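This structure is a prediction, so every number in the text was calculated from the model and none was measured.
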Amino acid sequence: METSQPTKVTVQAVIQAPVEKVWRYWTEPDHITKWNQASEDWHAPRAENDLRVGGKFLTRMEAKDGSMGFDFGGVYDVANRHEAIGYTMEDGRRVDIAFVDQGNETKVIETFDAESSNPVEFQQAGWQAIMDNFKAYTEQN
């Protein structure tokens, strides 16, 4: 019996900030709730983060009008400060994030396993929108 490998999707951005700030804004719940949404009509009212191998994270994502919402969470497999984060989502899909220190800017590269119920392009656009929000928030604060 053959098992198919999930499609890997990559999003990225170069943030005009040093890696220490980028790491802090990516990982601290107070910051996560400010940038982790794909569009203006969604928000992340709550975030929890135990950033260590075996630690868990959870971000509550909701439509601002209250019509829908979901918990996005997983367990960390990799937690290398200022360099890399890897986790497995609750549905078994993998996500790997690299933080590339480029002096006064940081390249963030996020690769995730696509899920099968939505088109890959739709998923990539949503994750890139969140990455773009992260970039804007980090550079403006």
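- A 6.0 Å sphere centred on NZ of Lys107 holds no more than 12 heavy atoms belonging to other residues, nucleotides or ligands.
- Taking hydrophobic clusters as Ile, Leu, Val, Met, Phe, Trp and Tyr residues chained together by side-chain heavy-atom distances below 4.5 Å, Val22 shares a cluster with Val95.
- When the shell of 6.0 Å around CG of Asn104 is examined, it contains 12 or fewer heavy atoms from other residues, nucleotides or ligands.
- Looking only at side-chain heavy atoms (C-beta outward), Gln37 and Asn133 come within less than 4.5 Å of each other.
- Between Asp77 atom CG and Thr88 atom OG1 the span is 3.5 Å, to the nearest 0.5 Å.
- Phe70 and Phe112 fall within the same hydrophobic cluster, where Ile, Leu, Val, Met, Phe, Trp and Tyr residues are linked whenever their side-chain heavy atoms come under 4.5 Å apart, directly or through other members.
- With contacts defined as side-chain heavy-atom distances shorter than 4.5 Å, the pair Ile130/Asn36 qualifies.
- Under the 4.5 Å side-chain criterion, counting only non-hydrogen atoms from C-beta, Leu51 is in contact with Trp23.
- The shortest side-chain heavy-atom distance between Trp26 and Ile97 falls under the 4.5 Å cut-off.
- For Asp101, there are no salt bridge (Lys or Arg N to Asp or Glu O under 4.0 Å) partners, not counting sequence neighbours.
- Two residues are said to be in side-chain contact when any heavy atoms from C-beta on lie closer than 4.5 Å; Val108 and Gln12 fail this criterion.
- Here the two rings, on Tyr25 and Phe134, have centers that are 6.0 Å apart or farther.
- Between Val9 and Val120 there is a side-chain heavy-atom pair separated by less than 4.5 Å.
- Closest non-hydrogen pair, Ala114 versus Pro6, comes out as O-CB, 4.4 Å.
- Put simply, the side chain of Gln124 never gets that close to the backbone of Val11: no donor and acceptor are under 3.5 Å apart.
- Taken from OG1 in Thr7 to CG in Asp113, the straight-line distance is 8.5 Å, to the nearest 0.5 Å.
- Between Phe72 and Trp127, the angle of the ring planes goes over 60°, which puts this pair in the perpendicular group of the 30/60° scheme.
- A donor-acceptor pair shorter than 3.5 Å can be found between the side chains of Gln16 and Glu105.
- Across all non-hydrogen atoms, the minimal contact from Ala13 to Met131 is CB-CG, 3.7 Å.
- Using a 4.0 Å cut-off between charged side-chain N and carboxylate O, Asp50 and Lys56 make no salt bridge.
- Here the straight-line distance linking atom CG of Asp71 with atom CZ of Arg60 works out to 4.5 Å at 0.5 Å rounding.
- Using a 4.5 Å cut-off on side-chain heavy atoms (C-beta onward), Ile109 and Phe99 make no contact.
- To the nearest 0.5 Å, the span separating CE on Met61 from CE on Met68 amounts to 11.5 Å.
- Between Lys64 and Glu62, no side-chain nitrogen of the basic residue sits less than 4.0 Å from a carboxylate oxygen of the acidic one, so the salt-bridge criterion is not met.
- Shortest non-hydrogen contact noted between Gly126 and Ala38 is O-CB, 3.8 Å.
- Checked options Leu58, Thr59, Ile32; the residue passing with Arg46 is Leu58 (criterion: side chain to side chain contact (heavy atoms under 4.5 Å, CB included)).
- Hydrophobic clustering (side-chain heavy atoms under 4.5 Å, transitive across Ile, Leu, Val, Met, Phe, Trp, Tyr) keeps Ile15 apart from Val100.
- The pair Glu20-Arg24 does not meet the salt-bridge criterion, since no charged nitrogen lies less than 4.0 angstrom from a carboxylate oxygen.
- For the residue pair Thr27 / Asn49, no side-chain donor-acceptor distance below 3.5 Å is found, with atom types taken as modelled.
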- Determine, stepwise, if the pair Gln123 / Glu115 fulfils side chain to side chain contact (heavy atoms under 4.5 Å, CB included). CA-CA 8 Å; Gln123 295 174 66; Glu115 43 91 0; 3.3 Å; yes
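- Thr33 places a side-chain N or O within 3.5 Å of a backbone atom of Asp30 that can act as its donor or acceptor partner.
- In terms of heavy-atom proximity, Asn141 sits nearest to Tyr137 at ND2-O, 2.7 Å.
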- Message: For a side chain to side chain contact (heavy atoms under 4.5 Å, CB included) check, start with the C-alpha distance between Tyr87 and Val75, then their side-chain angles and the critical distance, and finish with the verdict.
- Response: CA-CA 5 Å; Tyr87 61 86; Val75 177; over 6 Å; no
- Item | Working for side chain to side chain contact (heavy atoms under 4.5 Å, CB included), residues Glu110 and Asp96 | CA-CA 6 Å; Glu110 185 173 28; Asp96 292 292; over 6 Å; no
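- Arg93 CZ to Lys8 NZ: the interatomic distance, rounded to the nearest 0.5 Å, is 10.5 Å.
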- Steps toward side chain to side chain contact (heavy atoms under 4.5 Å, CB included) verdict (Val14, Gln102): CA-CA 9 Å; Val14 175; Gln102 299 177 331; 4.2 Å; yes
